[in-house]
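Every number for a ligand or one of its atoms is a count from 1 in the order of the listing.
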Amino acid sequence: MFLAMSAPKAENLTWHIGEVDKDVRASAYGHRGAVLWFTGLSGSGKSTIGHRVERMLVERGAFAYVLDGDNIRHGLNSDLGFAPEERAENIRRIGEVARLFADAGGLVLSAFISPYRKDRDRVRGLMGPGEFVEVFVDTPLEICEARDPKGLYKKARAGEISSFTGLDAPYEAPASPEVHLETEHLSVDEAAGLVVRYLDEQHILGES
Ligand code: ADP
């Protein structure tokens, strides 16, 4: 089974400390490493806003990269489905990848529904203080369903998809996200701008 949730199976492992620490990386790249964890219902706008933020950051010269849900399911997580334990493992692996990117000094944006608070908090727990930025893309179900960019709600309502978040699978909203985007009242640019503003305010960007 894939559920490597606890201690490593292998013995005699040593964590090698490199010669370049976070501060050195931050002054080389002009920003700190962090994980921007977008969470919200399917069609809420995680991917659209995440990619806009990525573009804004890269245009400022930052090392930023979106980890997109479907893309990861094609590769790294192609063995996982949508049962609760598989969703948990999906998020655990993505969290580990995100942590590596952030450790390398990058601004990694993840755009996964990540419906369970426990799973998101586990990823938060992997990161150092201030390195996990939870972005709640808060869009009411009715609006997500009206947008239905991938036609998934239609399929789910027709009974072709089961365990669909928001319909017959739960979504646990973040209790205190670092950034809360109510996309009903925001354009994509405005929403992305709020995320970048948060990074500026927290001195994650512009560190030298
Ligand atoms: P998710 O990644 O959360 O599943 P997507 O980003 O794929 O969602 O889809 C969101 C859809 O909603 C896109 O078609 C996008 O153009 C549309 N949309 C309309 N208004 C907004 C907004 N204010 N913010 C984000 N997306 C919006």
Salt bridge (Lys or Arg N to Asp or Glu O under 4.0 Å) partners of residues 94-105, not counting sequence neighbours, each pair once: Glu96-Arg99

Just to be sure I understand the cut-off, which residues have at least one non-hydrogen atom under 4.0 angstrom from an atom of ligand 1? Leu41, Ser42, Gly43, Ser44, Gly45, Lys46, Ser47, Thr48, Ile49, Arg147, Pro149, Lys150, Thr183, Leu186, Ser187, Val188

Take Asp138 and Ser44 through the test side chain to side chain donor-acceptor pair (under 3.5 Å) and record every step on the way to the result. CA-CA 7 Å; Asp138 185 3; Ser44 59; over 6 Å; no

What about Tyr153 and Phe164, are their ring centers closer than 6.0 Å? yes

For atom CZ of Arg117, decide whether the heavy atoms of other residues, nucleotides or ligands shown that lie under 6.0 angstrom number more than 12. yes

Do NZ/NE/NH1/NH2 and the carboxylate oxygens of Arg73 and Asp79 come within less than 4.0 Å? no

Determine, stepwise, if the pair Arg52 / Ser47 fulfils side chain to side chain donor-acceptor pair (under 3.5 Å). CA-CA 8 Å; Arg52 188 65 51 88; Ser47 193; over 6 Å; no

